[in-house]
Protein chains: 2
Amino acid sequence: MKLPTSTEWLLHAAASLAQLEPGVSASAAQLAEHYGVPAAYLAKQLQALVRAGVLAATTGPRGGFRLARPATAISLLDVVEAVDGAANPYECREIRQQGRGALPAADCRSTCILAVKMAEAHDAWRASLAAVSLADVLATLPETAIPRTRSLLTRG
Amino acid sequence: MKLPTSTEWLLHAAASLAQLEPGVSASAAQLAEHYGVPAAYLAKQLQALVRAGVLAATTGPRGGFRLARPATAISLLDVVEAVDGAANPYECREIRQQGRGALPAADCRSTCILAVKMAEAHDAWRASLAAVSLADVLATLPETAIPRTRSLLTRG
DNA sequence: GATAATGTACTCGGATATGTTGTGTCCGAGTTGTTCTGG
DNA sequence: CCAGAACAACTCGGACACAACATATCCGAGTACATTATC
């Protein structure tokens, strides 16, 4: 069980975009150089956030990516599930109904208890991430961070 | 983020072994046929549970795998982390200290807030799975299930 | 008849191929800001 | 000096190779039981 490496990039990128003034965009190339990551691959992943409705993209000069919603309305879960999908990492294939020890249908009326418990754990994970918004993240940064990010991501 | 398919096999296998009488073992071939899964691959994964101290293995005739501890002392987390590892699926590579926007060392005294929040979510997931033991799983099975499993996994 | 040695069948354990998914890269379509020309 | 059109540069968006891990498989080392020969 491993999240893509790009998850870290996108979380930081979203946090950086949240620090920009409303209406201002930053391009994929800017963000890539800002973090020292491959520009083309970052751009590919940013598209996933656009498809998920977390970011909005604008083409042409002065274009780029910006938040599609206020930072208070974007949770870490929104970002993570945009890049990795919302599926439960545990996939129940009903092996209780297969092989020599297959259970009779009467015993399979309710969901497999193991699948239920694994789903509950996944829900706990999702709830933990859903409780943190980008605004919460920004609130923990030092005072100097936001002006600094704005200046670094503003093109001359 | 996806758990190996074999995770389901091992959870069910551990639950089945927990239903056997103390001291009785079931071989990898038996368990594989019981669930209709590839025997060699299941055996390979069962070894991971042995290395983790969850199962104990015995070679030779009448040998096989059995629980290394009472079912009350084995949690779902023990099984899942034995096969998949205990590492956090989110790996912080400190990109905040890299690239054009690298933060000064003074701002990196404490752990990156994003890594902290991702770790908290992982802890919530682990706590949820650690709270469920194999004995809890067995308690939800119908009365007929345990004698049935014992009879199917007992060799003639 | 009891015992010890032998043989056999069964078990796990690790080393070896293959398929799928994430990783990384490239080029094309579209849009905006700029520049140049004409009135 | 102003307006319009053409141009050019920059942006995203999707299509194309490469690599790492999970998947699947095989054969060898070791052990317990059953058998057999001996005392």
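Quick caveat, the model's predicted, so the values are computed rather than measured. Here is the naming used below: chain letters follow the sequence lines, and residue numbers restart at 1 for every chain.
Both A/Met1 and A/Leu46 lie close to DNA chain D; mapped to their nearest nucleotides by heavy-atom distance, the more 5′-ward contact belongs to A/Leu46. Nucleotides of DNA chain C nearest to B/Ala28 and A/Lys2 differ in position, and the one nearer the 5' end is that of B/Ala28. Mapping A/Gln47 and B/Tyr41 onto DNA chain D by nearest heavy atom places A/Gln47 closer to the 5' end of the strand.
No contact: A/Ser25 has no heavy atom under 4.0 Å from any strand. Note on A/Pro61: a base of the nucleic acid sits closer than 4.0 angstrom, heavy atoms only. Across all strands shown, B/Thr58 has heavy atoms under 4.0 Å from sugar-phosphate atoms exclusively, and none from any base. At the heavy-atom level, B/Ala43 lies nowhere under 4.0 Å from the strands shown. Here B/Ala29 lies out of heavy-atom contact (under 4.0 Å) with every strand.
Here the C1' atom of nucleotide C/dT11 and the CZ atom of B/Arg66 are 13 Å apart, to the nearest Å. Going from atom CD of A/Glu91 over to atom C1' of D/dA22 covers 14 Å, rounded to whole Å. To the nearest angstrom, P of D/dT11 lies 16 Å from CG of A/Leu55. Put simply, CD on A/Gln45 is 16 Å from P on C/dT21, counting in whole angstrom units. Between the CG atom of B/Asp84 and the C1' atom of D/dC21 there is a distance of 11 Å, rounded to whole Å. Going from atom CD of A/Glu33 over to atom P of D/dT11 covers 12 Å, rounded to whole Å. When the P atom of D/dT25 is taken as reference, atom NZ of B/Lys44 falls 13 Å away, rounded to whole Å. Remark: C1' of D/dT23 and CD of B/Glu8 are 15 Å apart, rounded to the nearest angstrom.
No donor-acceptor pair under 3.5 Å is formed between the side chain of B/Gln97 and the backbone N or O of B/Cys108. Between the side chain of A/Ser128 and the backbone N or O of A/Trp125, no donor-acceptor pair lies under 3.5 Å.
Proximity of B/Thr59 to the phosphate of C/dC10: no side-chain N or O atom is located under 4.0 Å from OP1 or OP2. Using a 4.0 Å cut-off, no side-chain N or O of A/Arg51 falls inside it from OP1 or OP2 of D/dC12.
With B/Leu134 as the partner, the side chain to side chain contact (heavy atoms under 4.5 Å, CB included) test is satisfied by one option alone out of B/Leu76, B/Leu17, B/Asp78: B/Leu76.
Counting non-hydrogen atoms of other residues, nucleotides and ligands closer than 6.0 Å to CZ of B/Arg100 gives a total of 12 or fewer. Other residues, nucleotides and ligands place no more than 12 heavy atoms under 6.0 Å from the CD atom of A/Glu33.
Closest to the side chain of B/Pro38, out of D/dT25, C/dC12, C/dG33, is D/dT25. When distances run from any side-chain atom of A/Ala57 to the nucleotides D/dG13, C/dG24, C/dC12, the shortest one goes to D/dG13. Of the listed nucleotides (C/dA15, C/dG33, C/dT23), C/dG33 has the atom at the smallest distance from the side chain of A/Arg62.
Residues A/Leu11 and A/Ile146 fall into different hydrophobic clusters, defined by Ile, Leu, Val, Met, Phe, Trp and Tyr side chains chained together at heavy-atom separations under 4.5 Å.
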